[in-house]
> 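Mind looking over this structure? Questions follow.
Atom set for the values below is all heavy atoms of this structure, side chains included, hydrogens, waters and symmetry mates excluded. Each chain gets a letter, A, B and so on, in the order the sequences are listed, and its residues count up from 1.
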Amino acid sequence: MILSKITHKGISYYSLHAELAFLKADNRLSVQIDRTYLYGAIINDICEDILLDTESSIFVLDFDGIENGQFNVLDEKIQELRSHNKEIVFVGVKDSMIKFDSQFDTEKKIAKGFEGQPIDTVFKEIFKDRLKQYCRKDDNLNHSSSVMVTAYIDIKEFFTKEKRFALFCIYQLARQIRKKEIWKSYLEPDCKNKPVLICQSLNGSFIASVLSMLLGLDLFIFDSIGPINKLYRNLGTTIELTKPYLIVSDVVCLGTEVKITKNIVEYLGGVYLGNVSIVRIESIKPYENTESVYIINKNNKNEFNYKIKTALDI
Amino acid sequence: MNEKIDNVQIILVEDGKTFTPFYFYTEFLEKVVTFYKDKKTPDTILSYKLTDDADPIMGRYRVDPIALPLLLSLTQQLKHNQNSPIALELSNFPATSKLLEFLYRSDFFYVAGKNTNPTFPIGKKLLSFDENHIGGFRNGNIRQEHKIRSYSITDDSYLRDILATEWTDDKKRDYFIEYYSYKVFEHFDTLLQESTNEFSSLYVDVLSELITNGIMHSGSDVFALMFSDKYSIKFSISDNGIGLYQSLQNKLNFDFELSNELFSDTTLNLSRNPRTESLVTIFEALYFSMSKKRLGLFDLMINVINHFSGYFRLHNGCSQIIFSSRQSKELEKLEKTRKEIRRIFYANDSNLCDEAGILTKVESLKLIGKKQFVELFKNSMKNYSNDIKFSAIRFYNVRFNGVHIEVEIPKQ
């Protein structure tokens, strides 16, 4: 299952670590972000995909996050691909990998004088282009706060139509969470007090369920908070005392629902760790404890036609 | 019990004497051999006694975990000889309880016994013992993650099918390595998570490569253990298959270039005997691995020593070689040659692409490599004649079948 492939200006990018995170072994899908050992099965899958691809001229393999692997398979396959005149570029090769396979040391990382760039640099661009397609004009009043948002980002449609890319987006989010300094101690493998992912919408629960597998965290679904505000039932026993909670949402606009959930969590004795989302609107005061795949700010708001209007603007 | 059957007991762990691999090769194997020499009637049966119980209260009974795969390999050979599991007498005294607990927690009794419960490792029925003696532990500070594992082609019909396919050897090997790297992650998960990514990926390499080697070459069971203490991580992988010489001989047109060179070298003046032959075979196997296109045993050894300053001990027949940073001068030269060889094999230049060109280039590099191996051998031998105790080479009196590898990597 190739899910990280991105084609941009005739160049195809693959993130090996993302493929490794969604590993199909023994006919079972096993999702985990901590793997660093590149299995032969993944190399075979990617090479098959490259062989079938007749449109791209250069293929970039992003090794970021890989430490070691079945390099015998890799060397063999790369040689095979090159004999089929496929131009392969390696990026993100760690110095420590050269210890395991001296082949990474050679000039062959580069093809046609093109050094390649990490997949992350083109990911944002591609994400924006695809997201735009699922951005609709909207004139209705926002449900949770009394404002009007001129565009509606339909994450549900986006994720349904681009299933693989959606998984790759969630993988990107998981990596960002992993890298975040203030959450690091909570995500160590031997941490006794691991955070619980908490979500308050259907889209959020999909994202949270994939995240929980990737990061190995518990999941708690807090239904009926947003977007349509309902009465909270049974607030009692569901939130554990002193347990850290990480709120997962699809799109954070004004953050009303996040704040409601945060209040409930804190009122019941839990610890609010922060908020993660796929898309977030940049806030005036930057929050330290938030993470998102894409941020809409004043530079790119026009591309989405995104505007938050109050009664003063209308 | 039938009284008529003669039963000679061999004690495994003596008071104050740790059961280490060195003890195993030098003293324990001697004991076993003595038993077979003194054996009067064919009905005499060998059995083990875990501890000598000379001091049941204050005695010190210890086993170096990395000796356990060796013990299991040997026991498997003895069982094969005797056609029945080896009896093991256990005694649970204050002094021995900790040892029993360690063996229990490491799954030793499951692997060696007759366990059929799939929650635990399936027993290989190597030993028969009274399970009533196992228990009553004080729950000391024994780490639960130090498990002994057995890997076997006979257990897994799926792998047997793969082995029977028409795939090339390399493809099978890749498949096996992949299969065992999944297994290794499953079996040694906790220990792997404790180390940094760079180190744990080396450990997976070590285990999956060596287990695959054992399984594919010997066709027998492989016993493996990973052990971590304050200073280092140790691996012990042991099989009792056909050994290096036989598996090299099974290769098509294998002509033992390095062996012939070493035995005909006048300055070395090496006489052919089982000890020197088994030693030279180790070098031959490494030389063969070095001249191949694929990464293999040689690259693993070089990596352990040159990049992780570890130890690599390989026992074959009745000799053992211990590679460490003391040979790094020679090994670094070899690494350079190896890099060249790999570069030629994977060269992408069009003027180099014809196979004959590649082969002649590799042949000339192999000659250089051979010279470097001869130098390595000579220097190791020189140390052996100067100071046997600290030498990289060890000769043992008893021949022990199979290939037994111990790898030790210091923690930084």
> Judged by atom type as modelled, is there a donor-acceptor pair below 3.5 Å linking the side chain of A:Glu67 to the main-chain atoms of B:Ser200?
no

> Would you say CD of A:Glu55 has more than 12 non-hydrogen atoms from neighbouring residues, nucleotides or ligands within 6.0 angstrom?
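Result for CD/A:Glu55: open.
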
> Quick one: does B:Asp299's side chain get under 4.5 Å of A:Phe71's, heavy atoms only?
no

> Looking at CG of B:Leu192 and OG1 of A:Thr36, how far apart are the two atoms once the value is rounded to the nearest 0.5 Å?
9.0 Å

> Atom OG in B:Ser201, atom CG in A:Leu38: separation rounded to 0.5 Å?
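Those atoms lie 11.5 Å apart.
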
> Relative to chain A, which segment of B:Phe345 carries a heavy atom at a distance below 4.5 Å: side chain, backbone, both, or neither?
backbone

> For atom NZ of A:Lys163, is the number of surrounding heavy atoms from other residues, nucleotides or ligands below 6.0 Å larger than 12?
no

> OH/B:Tyr182 to OH/A:Tyr37 distance, rounded to the nearest 0.5 angstrom?
10.0 Å

> May I ask you to check whether over 12 heavy atoms, not counting those of A:Asp95, lie within 6.0 Å of atom CG?
no

> If I take atom CD from residue B:Glu178 and atom CG from residue A:Asn72, how far apart are they, to the nearest 0.5 angstrom?
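Separation between the atoms: 12.5 Å.
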
> For the residue pair A:Lys99 and B:Phe308, establish whether any side-chain heavy-atom pair is separated by less than 4.5 Å.
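Counting from C-beta outward, A:Lys99 and B:Phe308 do come under 4.5 Å.
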
> Measure distances from B:Asp174 to the heavy atoms of chain A and classify the residue's part below 4.5 Å as side chain, backbone, both or neither.
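Interface part for B:Asp174: both.
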
> Where does B:Leu300 contact chain A at under 4.5 Å (heavy atoms): side chain, backbone, both or neither?
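For B:Leu300, neither part sits under 4.5 Å from chain A.
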
> Looking at every heavy atom in both B:Leu295 and A:Phe100, which two are closest together, and how far apart are they?
CD1-O, 3.6 Å

> Tell me which of these, A:Ser30, A:Gly69, A:Gly40, has more heavy-atom pairs under 4.5 Å with chain B than the rest.
A:Gly40

> Does CZ in B:Phe199 sit with more than 12 non-hydrogen atoms of other residues, nucleotides or ligands closer than 6.0 Å?
yes

> Pick one: which of B:Arg173, B:Lys293, B:Arg294 meets salt bridge (charged side-chain N to carboxylate O under 4.0 Å, His left out) with A:Glu76?
B:Lys293

> Charged N to carboxylate O below 4.0 Å: is that the case for A:Asp101 and B:Arg342?
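The answer is yes: the pair qualifies as a salt bridge.
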
> Check this for me: A:Glu288, atom CD, are more than 12 non-hydrogen atoms of other residues, nucleotides or ligands nearer than 6.0 Å?
no

> Distance check, rounded to the nearest 0.5 Å: B:Lys339 atom NZ versus A:Ile98 atom CD1?
8.0 Å

> If I measure from the heavy atoms of chain B, does A:Ile78 come under 4.5 Å with its side chain, its backbone, both, or neither?
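For A:Ile78, neither part sits under 4.5 Å from chain B.
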
